[in-house]
Colleague: 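Below is the structure I would like to discuss, written out as C-alpha cells.
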Amino acid sequence: MQCKGAFMKTNVAPRCCPGRQRLAPAAIGHRGRDRLVVCASKVPVDQLLGVAKHAAQLGAEVVMAALDKPRTITRKEGTDIVTETDKASEAAVVGAIRAAFPDHAVLGEEGGVQGDVGSDYLWCVDPLDGTVNFAHGYSSFCVSVGVVRHATPVAGCVIEFLPAPGGPSAWSTRTFTGARNTGAFLDGKQIFVSRVKELRDAVVATELVYYPDMWPQLSALHRSFTGQCRGVRMSGAAAANLCHLAMGCIDSYWQYNLKPWDVAAGLIILEEAGGRATTGDGLAYSVFDRSLIATNDALYDKVLALTEPQTSAMLSEGVSLSPWCVPRGYRVRSGAQLD
Amino acid sequence: MLCYQRSLLGRGVLKSRIRVGASGRATLRCNAAPVSKEATARADHVALSELLDVAVLAAEKGAAVVRESLDRPRSISFKGTTDLVTETDKASEEAVLAVLRRHFPRHALLGEEGGVSGDTNSTYLWCVDPLDGTTNFAHSYPAFAVSVGVVRGGTPVAGCVVEFTGGPHAWATRTFAAHKGRPTTCNGKPVRVSEVSEVRRSLMVTGFGYEHDEAWSANMELFREYTDVCQGVRRLGAAAVDLCHLSMGLVDAYWEYRLKPWDMAAGVIIAQEAGATVTTMDGRPFSVFERSMLATNSRLHQQMLEGTGPKTRDLLERGVDLSPWLVPPGYDSTQQP
C-alpha cells in the first residue's frame, strides 16, 4: 500500500507501518549476546552520509529528467507522471542504499519497508517531497534521504529543486547535508540557523491541512502565529522547510502528522545547524512522532508557549498523536542517542 | 491643495511608509503639484508599447538596487537588518520613480514608500511597489519582486514585475511583462495560465493580512474549504509574485482581501494577458482600488466565485468596509481605459 504524502488528509497510519507502536524504554540490559546477530557494529557517519548523498543524487537525476519532459501532457496524465517519477526516484534511491547496506532496513514513501527490520538502522526515503509542487512546477520540491539509528537521525541529504536563471522552465538543484557531530552544509558551505530572538521578527513556516478533528487548534495556532510573527509561509514541502530553517531563511516550523521520510534527513541537517526540534508539547521528538516544532535556538521557548496549549488541547480532545509508521519488527528505543 | 485621503489600512503592513494618525486612519502623503486640466489632456494618450517599455526599464532599475542589496553582507543585529530593508525599499523606489518622471513628467505616480506625486489630473496613474515581499527579502526567502504598473482609471493597462527566486547563493530573476493586447512574456518567452479546470486538481494561493478581524476569519474559512478539496493552498506573502505564478501556470487561482493598488497593478495585467480572469471576490469588475481580488486561470473562475462570492457578500452585509480606497485626491478612478 502506498503511504501517501504528508499533506494528505488521512491521519491513519498506512498498513505497511502499523501505528500504535510503543517506544520501548532504553534497553540497558539487552546489549551483548542476544543482540549479536545483526547490526552490532556502528557504521561511521561519514560512510552513512556518503551513501545518502549518492542515493539522493540518483533520485534527483530521475526528477530532473522528468522535469525536462515537454509539458504537453494533460492533467489527467499529469497525475500518472508524478507517480511514475516518485516510484522511479525511489527505485534509484533505494537501490543505491541496499547495494551499500544490504543488512539495513529501508522505509520508502512509495514502496514501504525493505531490508532487515532487525537492523539498528532505518533509512527513510522521500523520493519526491512536495509532490503537488512538482506536478505544478511550483518551487520547491526535494529528494530526501535520511537514516536513523533506532529513532535518532544520524545522517541525511536533501536535494532541493529551485527555479534557475534562463527561463520559465529552467531548474537547478542545491544539496543540503548533515551528519551527527560534523555540521550541516549547503553545497559545501556550512550553514547555521538564524539568530532571530523575537517572534515579531520571525518568519514561521507551516502547512495547514484540513484535519477536521484538529482544525480548531490548527486554526488557533495559525491565528497566534500570524498575529505575533512577521510572517507565516506555507510553501508545501516539509524537507525544504527544515532545510530553509537550517540555513536561516525561516526561523521556525511547526507541523502535525508528518511521516518519518519527510523529516529524517531535514532533522539531522537542522540539528547540526544549531536548531532544535521537539514535539508540539515539548517532549523529545522522534521521526515517528506526529507533532513537530522545529526552531532556531533562541525562539524555541516562545514557539513552545504557543504550541503547547493547542497540542494539549488536541490530546484531551482525543486526537491521537502517538508514534506511527514504525515498520513492524523494527526496534525503536527511546533515549538511545548515545551508546 | 488638500492632499489627505482617508482610508483604513491594516496595522503593520506599511510601517512608516504611510502615516497612520492617532485616530488609526491612514493618510497618503501627497506631493502633487497642481497642473491645469488642459495641459494634462494634451499630454495624455501614450502608446501601450511605450508605457510597457518604460515600465520594464523602471522595474529593472529597481531590481538592480535590490540585487545589489542582496549581495551586501548582512549585519547580525536584526535592528540593523530592518534598517537595511527600509533603505532598499526607498532606494528602489527612487530609482523606479526617476525613470517614470523622466519619461512621463505629466503622469500621476503612487509609490508605496513616497505616496502620491505628479499630476493627478492625468488619466495615467503609475502604481509602484519597489519591494513587494519585504519580509521575504529581509530573510533571504525567495518570494519578492519589484512591481511597476500603470492604470487608466482603475484598470491596469501595462506592467512589469521582476521576481526574485531561487535562494541565497542561487538567486535568479524572472521578468514578466504585458500590456493590453500584448500576451505576457517571462524573460522574453510567452507564458500562459494553466488549463486545470477542476478544483480538485488545482493548486491555489492566498494571503492573510495582519488585522484579525472578520475579513481574516472569512479568509480562514475559505482557506479551510479549499484546502479540503483542492491539491493545496500556498501562502508566500507577495501578491505580485503570486500573480506572476498564476500567469505562468504554476498556480491556478489566487484570492486575497485588502491588497493595495501597487500590489496588484502590474501583476493583474500580467495575469490577464496570459489568459487569467480577474474580478473582485464577489464577481464585480476589478479595479486596483477594490478591496478584494480573485484571479484565476479563467476555467476555474465560476467555480471559485461559488465559494468566494457568498463569503464576501456576507462580510458586506455585516458591515465590513470593502469599498474602494487609496484613490489619490483629484485622480479620476472611474474613467475607462
Colleague: Pick one of side chain, backbone, both or neither for Ser172(A), based on which atoms fall under 4.5 Å of a heavy atom in chain B.
Modeller: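 Neither part, no heavy atoms under 4.5 Å.
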
Colleague: Would you call Arg318(B) and Asp314(B) a salt bridge, taking side-chain N to carboxylate O under 4.0 Å as the test?
Modeller: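 Yes, Arg318(B) and Asp314(B) are salt-bridged.
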
Colleague: Sub-3.5 Å donor-acceptor pair from the side chain of Ser224(A) to the main-chain atoms of Ala220(A), do we have one?
Modeller: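 Yes, the answer is positive, given that a donor and an acceptor are paired below the 3.5 Å cut-off.
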
Colleague: What is the ring orientation for Phe164(B) with Phe144(B), classed by angle as parallel under 30°, tilted 30 to 60°, or perpendicular over 60°?
Modeller: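 It falls in the parallel class, under 30°.
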
Colleague: Using non-hydrogen atoms and a 4.5 Å limit, figure out which bit of Ser139(A) sits close to chain B: side chain, backbone, both or neither.
Modeller: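 Neither; nothing under 4.5 Å.
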
Colleague: Let me know if Leu218(A) has heavy atoms under 4.5 Å from chain B in its side chain, its backbone, both or neither.
Modeller: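 When you check distances to chain B, no heavy atom of Leu218(A) falls under 4.5 Å.
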
Colleague: Please state whether the side chain, the backbone, both or neither of Lys189(A) comes within less than 4.5 Å of a heavy atom of chain B.
Modeller: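 Answer is side chain: those atoms of Lys189(A) sit under 4.5 Å from chain B.
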
Colleague: Chain A heavy atoms under 4.5 Å from His212(B): which part of the residue, side chain, backbone, both or neither?
Modeller: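 It is both, since atoms from each part get that close.
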
Colleague: Using heavy-atom distances under 4.5 Å, tell me whether Ser202(B) contacts chain A through its side chain, its backbone, both, or neither.
Modeller: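 Contact with chain A involves the backbone of Ser202(B) alone.
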
Colleague: Between Asn219(B) and Trp255(B), do the side chains contain a donor N or O and an acceptor N or O under 3.5 Å apart?
Modeller: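 Judged by distance alone, the side chains do pair up.
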
Colleague: Any side-chain heavy-atom pair from Arg235(B) and Glu256(B) closer than 4.5 angstrom?
Modeller: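 With C-beta onward as the side chain, the pair stays apart.
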
Colleague: When the ring centroid of Trp171(A) is compared with that of Phe141(A), is the distance short of 6.0 Å?
Modeller: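 Under 6.0 Å, so yes.
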
Colleague: Go through the atoms of Pro142(B) and report whether side chain, backbone, both or neither lie under 4.5 Å from a heavy atom of chain A.
Modeller: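 Contact with chain A: none, neither part.
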
Colleague: Tell me, for Arg174(A) versus chain B, whether the close heavy atoms (under 4.5 Å) come from the side chain, the backbone, both or neither.
Modeller: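 Just the side chain, heavy atoms under 4.5 Å.
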
